[in-house]
Number of protein chains: 2
Amino acid sequence: MSRASDQAYARIRAHVLSGAVKPKEQLTEDQLAQITGFSRTPVREAVRRLEDELLLVRSESKRLFVADWSRDDIEEMFTLRQMLECHAAERAARRLTAAQVADLEAVNRTLREAIEQPEPDVARFLEANRRFHDAVLDAAHSPRLGQMLGRLVEAPVVLRTARSYSLDDLRQSARDHDELIAAFAARDPEWARAVMGSHLRRAFHTFAKTVGPATGNADGEV
Amino acid sequence: MSRASDQAYARIRAHVLSGAVKPKEQLTEDQLAQITGFSRTPVREAVRRLEDELLLVRSESKRLFVADWSRDDIEEMFTLRQMLECHAAERAARRLTAAQVADLEAVNRTLREAIEQPEPDVARFLEANRRFHDAVLDAAHSPRLGQMLGRLVEAPVVLRTARSYSLDDLRQSARDHDELIAAFAARDPEWARAVMGSHLRRAFHTFAKTVGPATGNADGEV
DNA sequence: TGAACCAGTATTGTATACAAAATGCCCGCG
DNA sequence: CGCGGGCATTTTGTATACAATACTGGTTCA
């Protein structure tokens, strides 16, 4: 991750997420080259990755813009993530070793420590949460699933929204993880799938409350 | 699709699928530039797309190889495709207009004509089949779903295996499409999902018969 | 007035040269 | 004979110049 294109990727992503450029605004490769300090070649590589994640989009004539996601887009992302990650949980339940289950328990302990203290450490929570889900995905042992979920989870909605979680929400996440671990220990794929499903679906509704009700039409941009 | 990188993509893809290079063989960007007649810049763009489709893979040190898919890899692809396309069928059932249903009927008529003649035209069947599934995906109106399925369906397994379908298999496909259309006309998402599921799962088993039984371990390369 | 065209500019696409990194080979040493 | 170090070669990564394409604004003509 030390190649120029990787750094360019990280910097452009941060730049967009910081809000310095707004949705639907145009970006040019030259601009991004100046901002990142690299030439257009690695910038193009980075931009292509960000296009894959749909953080940037191109017009029909190949001009580059910051994507603006509608509420429906975001619901779609949550739904797809749920579908894929439920599948991952089911596969993981069939494959996880006792040692891997123990690892998950350790990660979830860390996650709890991050929130069960005077001043909850949301960043640490998010990091532990990411590791937890990564471990499940890893155990599913399905490279294409990993690739697809990577694009969805990278999606910055998760980061933006996590800030709005209440302490109760975070605690419920930890409990969900506990139950998931129980399902894994019991080697029960259906249980694992169901827990993962409700875990992620609740996350969506927590998010939806902060954004506003469903629209059905095309407004409700974020 | 007339840019150099697009042509390079098509040529490299054809070159690999032709079997001129075998799985696990190394390719270099220079080689591919010579083969395609373009410079390395568009070749690198094309190679990245083929990496996304997992037709090409890179070693940990960034050297480029032709992927070799195990039977488990292929089963995974079929499973993921089934999962995603069932979801697409469900969404389509909620959204398809009467005109779109009529279009699907027309496409399926074409598909039948291709096989119900003295000398079945498999290429025409495949083309109609692709259009049918594309129309369903379109109606699902979910860009990320489309992106993901695109990568899976592009995967050449489908093409390689379709040749081994018997006439009965092709006829069954047409009947599946009929039932799917009925489900759409009835606006019944669950029905549509179920039909799509059995349609694709049968395709997997038809394929599996030609390749051999499940392995469980890592052999069974194709 | 307004629509079509033309030139100038902005932006993306491609080729090429060079830099960095990895691999493999060969030689010396134990 | 084995094996470790280092140079030569291969291969990928980056910068830059140029080509092709798309946009913008203004001008002309009906």
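In what follows, chains are A, B, ... by sequence order, proteins preceding strands, each numbered from 1. All values below were derived from every heavy atom in this structure, side-chain atoms included, with hydrogens, water molecules and symmetry-related copies excluded. Since the model is a prediction, treat every value here as computed from it, not as a measurement.
- Checking S173(B) against D176(B) by side-chain atom types alone, no donor-acceptor pair falls below 3.5 Å.
- Atom NE2 of H15(B) has more than 12 heavy atoms from other residues, nucleotides or ligands within 6.0 Å.
- Counting non-hydrogen atoms under 4.0 angstrom, L32(B) reaches nothing in the nucleic acid.
- When the P atom of dG13(C) is taken as reference, atom OH of Y9(B) falls 18 Å away, rounded to whole Å.
- The side chain of S39(A) has dA15(D) as its nearest neighbour among dT12(C), dA15(D), dT11(D).
- Using a 30° and 60° split on the angle between ring planes, H177(B) and H133(B) fall in the perpendicular class, above 60°.
- The two atoms that bring R144(B) and D73(A) nearest to each other are NH1-O, 4.0 Å, heavy atoms only.
- Protein atom CD of Q34(A) is 13 Å distant from nucleotide atom P of dA10(C), rounded to whole Å.
- Residues A46(B) and I12(B) approach most closely at CB-CD1, 4.1 Å, considering heavy atoms.
- When all heavy atoms are compared, the tightest approach of V107(B) to A128(B) is CG1-O, 3.4 Å.
- Closest approach of A192(B) to A93(B), counting heavy atoms only: CB-CB, 4.0 Å.
- If you take CZ on R58(B) and CZ on F65(B), they are separated by 10.0 Å, rounding to the nearest 0.5 Å.
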Check nucleotides 18-20 of chain D against the protein and report each pair of N or O atoms closer than 3.5 Å, with its distance, or say if there are none.
none

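- Under a 3.5 Å cut-off, the side chain of E53(B) and the backbone N or O of L152(B) do not form any donor-acceptor pair.
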Measure all distances between protein nitrogen or oxygen atoms and nitrogen or oxygen atoms of nucleotides 21-24 of chain C, and list the pairs falling under 3.5 Å.
{"from": "dA22(C)", "atom 1": "O3'", "to": "S61(B)", "atom 2": "OG", "distance (Å)": "3.3"}
{"from": "dT23(C)", "atom 1": "OP1", "to": "S61(B)", "atom 2": "OG", "distance (Å)": "2.5"}

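- Rounded to whole Å, atom P of dT11(D) lies 12 Å from atom CZ of R58(B).
- The nearest whole Å value for the distance from the CZ atom in R44(B) to the P atom in dA15(D) is 12 Å.
- Atom pair E29(A):CD and dT14(C):P shows a separation of 11 Å (rounding to whole Å applied).
- Contact annotation: T41(B) side-chain N/O to dT14(C) OP1/OP2 distance is not under 4.0 Å.
- The residue among L27(B) and F38(A) whose nearest nucleotide of DNA chain D lies closer to the 5′ end is L27(B).
- In this structure, CD of Q31(B) is placed 12 Å from C1' of dT10(D), rounded to the nearest angstrom.
- Between the NZ atom of K62(A) and the C1' atom of dA22(D) there is a distance of 12 Å, rounded to whole Å.
- Checking S5(A) against Q26(B), the closest nucleotide of DNA chain D that is more toward the 5' end is the one next to Q26(B).
- Protein atom CD of E45(B) is 12 Å distant from nucleotide atom P of dA15(C), rounded to whole Å.
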